[in-house]
2 protein chains.
Amino acid sequence: MTLLPRSPRLTGASTTDRGLPNATVARLPLYLRALTQLRATGSATCSSDQLAEATGVSSANVRKDLSHLGSHGTRGVGYDVAHLQAEIAQAIGQTQEWNVVLVGAGHLGKALAAYPGFASRGSRIVAVVDADPKRLGEQVVDGLVIESADDLDEIVRDRAVSIAILATPTHAAQDVADRLVAAGVTSILNFAPVALRVPDGVDVRQVDVAAELQILAYHEQRKSSPREEAVSG
Amino acid sequence: MTLLPRSPRLTGASTTDRGLPNATVARLPLYLRALTQLRATGSATCSSDQLAEATGVSSANVRKDLSHLGSHGTRGVGYDVAHLQAEIAQAIGQTQEWNVVLVGAGHLGKALAAYPGFASRGSRIVAVVDADPKRLGEQVVDGLVIESADDLDEIVRDRAVSIAILATPTHAAQDVADRLVAAGVTSILNFAPVALRVPDGVDVRQVDVAAELQILAYHEQRKSSPREEAVSG
DNA sequence: TCGATTTTGTGAACGCCTTCACCAGCTCGT
DNA sequence: ACGAGCTGGTGAAGGCGTTCACAAAATCGA
Ligand SMILES: NC(=O)c1ccc[n+]([C@@H]2O[C@H](COP(=O)([O-])OP(=O)(O)OC[C@H]3O[C@@H](n4cnc5c(N)ncnc54)[C@H](O)[C@@H]3O)[C@@H](O)[C@H]2O)c1
Ligand SMILES: NC(=O)c1ccc[n+]([C@@H]2O[C@H](COP(=O)([O-])OP(=O)(O)OC[C@H]3O[C@@H](n4cnc5c(N)ncnc54)[C@H](O)[C@@H]3O)[C@@H](O)[C@H]2O)c1
């Protein structure tokens, strides 16, 4: 499989085969977001410093990232906001909309289905499926009604879905992933805290909220005990 | 500030000052999860290969990570599951429970409040606050009632909160972060798609779900066009 | 026209992290 | 008691990614 390194996690393989460096790809959405905001404020151009400010990335890093797309800035001036926005959009495939199927309409799934932030950033949830027969037909949001998990195959095929969001309970996640892959899905955003096994060519990105808190907790612990040296005996 | 590199994002500073390498810290929660499962199955010991299998990390990487905690394995046998679990728990501060305040009880906030995965992994949401006066007093889950955002100061102080989950609309995020920091919070898990500005010593981890999908979309695009070489002219 | 100023693009250096390769130490069968 | 077979620990090497530093290029005012 091709578990994309969302953290310093797994698969060192960067700079995938003639493509952009992975680290750069992960930041392009941030630049795009910043550019959209800048454009709304009426700015025609922006400097790497401004982008750095808006994204939290260092300005040197911004320039390096953008240079991978080709040289689109003007020395002494900066980048043309609209042009750069279009450039990045094309690079990360935001010129088309990506159809997404959401599996699992529980607490988290319903929140995700209601999230307008996907549509404004290139993804569209075209189906919500759940295994619970009692929930079939329930409307989760305008235009989206819960469908049967048995119809996954058909949904994926007929609606040109290539990306899935997995929000089922942990114990069902691997089975759902297998079925998604069988149906033709080649990218999965997984919220269930398990390492999915998927074949080569299928990308998985993992969001583990509890783990994020644990990482913060580690640093909190270190803040509390500034000097551990004289401990124990 | 100290934006922790959740991705290859920001601040190269790894191996923080005598501590564990950042990349290792990010994986310890995975090992802990795997060990808990292994223990439930009755396994007394496990090999680095088993942990690799369960977490998706390479076995060499597992051994390197665990070696940073000291040598706790036995050659020819593996690691003692219970012992290693305790060891990791101590390393990442899971011997105590961390009190967390959740800010913003909207779609996402309610899902997070209902999530049992925090409690089982060392964090406890001790308060849910929202700015909407109409929602005050509403019970989001057993034992948690929505409180006023005006009481943040008091809540953070009285309940020994050091970690916050930020789930407000984007436009309110920076203001909320400022108030959290002023109240004494030193770690923030931010779901709003903005780069927060916080002072030094405050850690921020960012979860940007839409960006995750955009990253997947980038790779999808590349899958569709295997050879871009003969394009355009 | 020229010089001061701004800001990009980029080679080089540096550091972190992963992987490799292999030795050391443990168990178990004989 | 010993050799075969596992399995962890760990130095070395290599790969990515970030930061540094500066030349190149554009604008602007005088
Ligand atoms: N709730 C959160 O805030 C949160 C946070 C982080 C991670 N997660 C993870 O996200 C996942 C979902 O969490 P949740 O709180 O929404 O759980 P939930 O129990 O509220 O919802 C799960 C939904 O999945 C459906 N489901 C079960 N098996 C299915 C199958 N085989 N196919 C399709 N649908 C199926 C159930 O009917 C249910 O509606 C879990 O793995 C959880 O660990 C949740
Ligand atoms: N819904 C999702 O699945 C999802 C996914 C990814 C990211 N996000 C992000 O998470 C955040 C919350 O999303 P949501 O869908 O829950 O939004 P929402 O509008 O449903 O909920 C936001 C809540 O925050 C409260 N709020 C507003 N200002 C506040 C303040 N100053 N202090 C305290 N509370 C305040 C509101 O009253 C509301 O209850 C947003 O930034 C969104 O971009 C949401």
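The chains referred to below are lettered A, B, ... by the order of the sequence lines, with proteins before strands, and numbering in each begins at 1.
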The side chain of [X] lies closest to which of these nucleotides: [options]?
X	options	answer
A:Ser58	D:dG9, D:dT19, C:dT19	D:dT19
B:Ser71	D:dG17, D:dC20, D:dT10	D:dT10
A:Ala23	D:dG17, D:dG9, C:dT18	D:dG17

Roughly, in whole Å, what's the span from [atom1] in [X] to [atom2] in [N]?
X	N	atom1	atom2	result
A:Asn61	C:dT7	CG	P	19 Å
A:Asp65	D:dT18	CG	C1'	10 Å
B:Leu51	D:dG9	CG	P	11 Å
B:Gln50	D:dC6	CD	P	14 Å
A:His68	C:dG11	NE2	C1'	12 Å

- Message: Between the base of D:dG8 and the side chain of B:Lys64, is there a donor and acceptor pair under 3.5 angstrom?
- Response: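 Side chain to base: no pair present.
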- Query: On a plain distance test, is the side chain of A:Arg75 in donor-acceptor contact with the base of C:dT8 below 3.5 Å?
  - Reply: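 In this structure, the two groups form a donor-acceptor pair.
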- Message: Between B:Leu166 and B:Leu102, is there a side-chain heavy-atom distance shorter than 4.5 Å?
- Response: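 The answer is no; the side chains never approach within 4.5 Å.
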- Query: Would you say A:Leu32 and A:Ile92 make side-chain contact, with heavy atoms under 4.5 Å?
  - Reply: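 In contact.
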- Task: Look at all strands and tell whether B:His72 reaches a base, only sugar-phosphate, or nothing, counting heavy atoms closer than 4.0 Å.
- Result: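 B:His72: backbone/sugar contact only, no base atoms under 4.0 Å.
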- Message: Base, sugar-phosphate or nothing for A:Ser48? Non-hydrogen atoms, less than 4.0 Å.
- Response: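 Sugar-phosphate contact only - A:Ser48 comes under 4.0 Å of backbone atoms but never of a base.
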- Message: So, using salt bridge (Lys or Arg N to Asp or Glu O under 4.0 Å) as the criterion, who are the partners of B:Arg75 when residues are at least two apart?
- Response: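 In terms of salt bridge (Lys or Arg N to Asp or Glu O under 4.0 Å), with neighbours along the sequence ignored, B:Arg75 is linked to no residue.
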Under 3.5 Å, is there a donor on one side chain and an acceptor on the other for [X] and [Y]?
X	Y	value
A:Ser123	A:Glu97	no
B:Gln94	B:Arg121	no
A:Gln85	A:Arg39	yes

- Message: Heavy-atom nearest nucleotide on DNA chain C for A:Val77 versus A:Ala60: which residue maps closer to 5'?
- Response: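 It is A:Val77, whose closest nucleotide lies nearer the 5' terminus.
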- Which of residues 79-94 of chain A have a heavy atom under 4.0 Å from DNA chain C?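 Result for residues 79-94 of chain A: A:Tyr79, sorted by number.
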- Query: Under 4.0 Å between a side-chain N/O of A:Asn22 and OP1 or OP2 of D:dC16, yes or no?
  - Reply: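 No, A:Asn22 has no side-chain N/O under 4.0 Å of OP1/OP2 on D:dC16.
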- Query: Does A:Arg63 make a side-chain N or O approach to OP1 or OP2 of D:dA21 shorter than 4.0 Å?
  - Reply: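 Looking at the OP1 and OP2 atoms of D:dA21, neither is under 4.0 Å from any side-chain N or O of A:Arg63.
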- Message: Under a 4.0 Å threshold between the charged nitrogen and the carboxylate oxygen, would A:Asp178 count as salt-bridged to A:Arg197?
- Response: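 Salt bridge flag = no for A:Asp178 with A:Arg197.
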